[in-house]
Amino acid sequence: MNISNSRRIVIKIGSALIAPDQDGCRARYLLTIAQFIVRCRSMGKEVVLVSSGSVAAGSHLFPEDAKNSSVVLKKAMAAAGQTEMMATWDRFFDFPSAQILLTHGDLRDLERYNSIRETIFTLLEHGILPIINENDAVTSDDLKVGDNDNLSAMVAAAADADVLLMCSDVDGLYNKNPNLHEDAMLIQQVSEISEDIYAMAGCATSTVGTGGMKTKIEAAEKATSHGISTYIVNGFKGRTFERLLLGENPGTVFLPYDEPMHAQQHWMTHTASEQGEIVVEHDYAEELKDHAEPLAASNISHVNGEFSVGDTVLVRTAKGERLAKATTNYSSCLLNFLAEQEETSDNGHLQQSIGPVISEQDIAILEKS
Ligand SMILES: Nc1ncnc2c1ncn2[C@@H]1O[C@H](COP(=O)(O)OP(=O)(O)O)[C@@H](O)[C@H]1O
Ligand SMILES: N[C@@H](CCC(=O)OP(=O)(O)O)C(=O)O
């Protein structure tokens, strides 16, 4: 899938394109990108924008010595910069745009995730451009995605997009950081995201970027496993967008999986985070390596952490091997109670009397890492 034959595109814009001088938003690069969005829409494609840059855009409103800033100041910069960024985007368009600010706390909760999907679909249906960013002003370590590359991949999956386009400050993925190595070579196509691909990725070298190439590869893995073709391209160059409209690849393309995951399995694997762990007996672990099997209470060795009915849990072996993520039908409290009864009283049959702790369709088997 390329831009010319795509139906729904998520475009992610890095901070350096929004605020290249780190003193507020600049139109220098955004104008070309906005024109690209207008062209895509006039070709009948639906576009969702994931825009970074609120911190970079807001930093000039704070004293110079605050720039190497504390987390609290960064949140304040994000809150102030977000309005400036939205106003800048809005100036370029003669159609309405809408702001959606998200945290990982929102995306990993299935009810809120579905509500986000509905909002995106309704906006698109009415010709409104959704502009999404992490809600940096309210996040904590526990709640945040932390970088907009991974956020854009989660959004692309939620929006049922067929292309994810990450616009950065380099031409694509190189075999090593091109800003540090003159002989670095551009990788034009990645058909499988292996450890070797991750090994090529370094950190961000700009003062405004977050995550560098590592988070872009993580994002590509999330998106391609959902069947979404993923591009990393240079947003500084106008030619990038002309080539994309011609159906060409001006940067690096990551090919989608031949057999993408089902939506719920994808959400569990790549978006939901585990609330606790269920450690399973050896025989069940062996079966799970082959195929998803309902988990009976008697297959459980013990549980770790606190979780409620409907939460996502990690299923692992006693040795720590990560086997699957799954939705649990019982709380940790009830499972601990049953285990206690099994050990201390004649009520061991209680374990047999309940239904599966995890149902077959609620298991997402994890690839071996
Ligand atoms: N193998 C690599 N190929 C390309 N860029 C790399 C690589 N390793 C590290 N980088 C760095 O990643 C940066 C892009 O990431 P980042 O600064 O987070 O951009 P953005 O703001 O677009 O998300 C590049 O400017 C470069 O310094
Ligand atoms: N949410 C942050 C952006 C975080 C981020 O991932 O930045 P970038 O690496 O420039 O895409 C902000 O708006 O400043």
Side-chain angles (χ1 to χ4, degrees), residues 1 6-12 46 48 50 100 102-121 124 130 132 134 144-166 190-194 197-198 214-231 253-275 288-289 291-293 295 307 310-316 322-328 358-369:
M1 179 75 60
S6 64
R7 179 187 49 86
R8 186 174 291 158
I9 313 166
V10 170
I11 304 177
K12 184 258 166 175
E46 292 177 322
V48 175
V50 174
I100 305 180
L102 299 174
T103 66
H104 194 231
D106 300 317
L107 291 160
R108 69 186 182 211
D109 177 295
L110 194 53
E111 204 176 317
R112 278 188 265 168
Y113 182 78
N114 284 327
S115 155
I116 293 161
R117 275 167 60 82
E118 278 167 13
T119 307
I120 293 174
F121 296 147
L124 291 174
I132 300 177
E134 180 137 40
K144 68 182 177 187
V145 178
D147 69 88
N148 274 6
D149 299 322
N150 277 294
L151 178 76
S152 67
M154 292 178 194
V155 166
D160 293 338
D162 41 29
V163 171
L164 169 62
L165 180 64
M166 290 186 271
V190 177
S191 43
E192 195 191 333
I193 301 176
S194 60
I197 297 294
Y198 273 106
K214 180 170 176 279
T215 49
K216 286 180 186 41
I217 296 174
E218 287 168 1
E221 193 171 352
K222 284 186 171 67
T224 54
S225 65
H226 201 273
I228 301 167
S229 304
T230 303
Y231 292 78
V253 62
F254 296 79
L255 301 182
Y257 283 24
D258 289 338
E259 287 180 30
M261 289 179 183
H262 293 297
Q264 199 207 354
Q265 293 229 329
H266 187 274
W267 176 79
M268 261 195 282
T269 309
H270 289 299
T271 302
S273 52
E274 57 252 25
Q275 309 298 306
L288 199 57
K289 284 177 188 167
H291 56 275
E293 272 283 303
L295 175 72
F307 48 85
D311 277 350
T312 302
V313 291
L314 175 71
V315 179
R316 69 164 178 86
R322 294 166 64 89
L323 299 169
K325 281 192 180 175
T327 308
T328 173
I358 295 171
S359 311
E360 192 178 333
Q361 71 275 13
D362 293 335
I363 298 175
I365 296 176
L366 296 172
E367 279 173 23
K368 264 199 156 162
S369 54

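Below, each value reflects all heavy atoms present in this structure, side chains not excepted, and no hydrogens, waters or symmetry copies. All figures in this text were calculated on a predicted structure; none of them were measured in a lab.
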Among E218, K216, K214, which residue meets the side chain to side chain contact (heavy atoms under 4.5 Å, CB included) test with D149? K216
Separation between CD1 (I193) and CZ (F254), nearest 0.5 Å, reads 5.5 Å
Would you check if I120 and I132 make a side-chain contact, meaning some heavy-atom pair closer than 4.5 Å? yes
Stepwise side-chain contact (heavy atoms from CB on, under 4.5 Å) check, V10 with I228: CA-CA 10 Å; V10 170; I228 301 167; over 6 Å; no
Quick one: do R322 and E274 make a salt bridge, cutoff under 4.0 Å? yes
Minimal heavy-atom distance between M166 and A220, with the atoms involved, is CE-N, 4.4 Å
Considering only heavy atoms from C-beta outward, does the side chain of L366 approach that of L314 to under 4.5 Å? yes
Do L107 and L151 come within less than 4.5 Å of each other through their side chains, counting heavy atoms only? yes
Heavy-atom check, side chain of H270 versus side chain of S225, under 4.5 Å: yes
Verify the distance criterion only: is there a donor paired with an acceptor across the side chains of K222 and N150 at less than 3.5 Å? yes
Compare every heavy atom of A292 with every heavy atom of E360, then report the nearest pair and how far apart it is. CG-O, 3.5 Å
Rounded to the nearest 0.5 Å, what separates atom CG in L295 from atom OG1 in T328? 8.5 Å
Side-chain heavy-atom pair T103, K144 within 4.5 angstrom cut-off: no
Working to the nearest 0.5 angstrom, can you tell me the gap between I9 CD1 and D162 CG? 7.5 Å
Rounding to 0.5 Å, atoms OG1 (T224) and CD (E221) come to a distance of 6.5 Å
Rounded to the nearest 0.5 Å, how far apart are CD1 of I365 and NZ of K325? 14.5 Å
Please work out whether the ring planes of H226 and H266 are parallel, tilted or perpendicular, with thresholds of 30° and 60°. perpendicular
P260 side chain reached by H262 side chain, heavy atoms, under 4.5 Å: no
Look up atom OG in S194 and atom CD1 in I217, then write down how far apart they are to the nearest 0.5 Å. 9.0 Å
When you check the side-chain N and O atoms of T327 and D362, is any donor under 3.5 Å from an acceptor? no
Under a 3.5 Å distance rule, please check whether S152 uses its side chain to pair with a backbone N or O of N148 as donor and acceptor. yes
Which residues pass the side-chain hydrogen bond (donor to acceptor under 3.5 Å, both in side chains) test with E134, not counting sequence neighbours? none
Are I116 and T119 close enough that some pair of their side-chain heavy atoms sits under 4.5 Å apart? no
How close do H104 and T271 get, heavy atom to heavy atom, and via which atoms? NE2-O, 2.6 Å
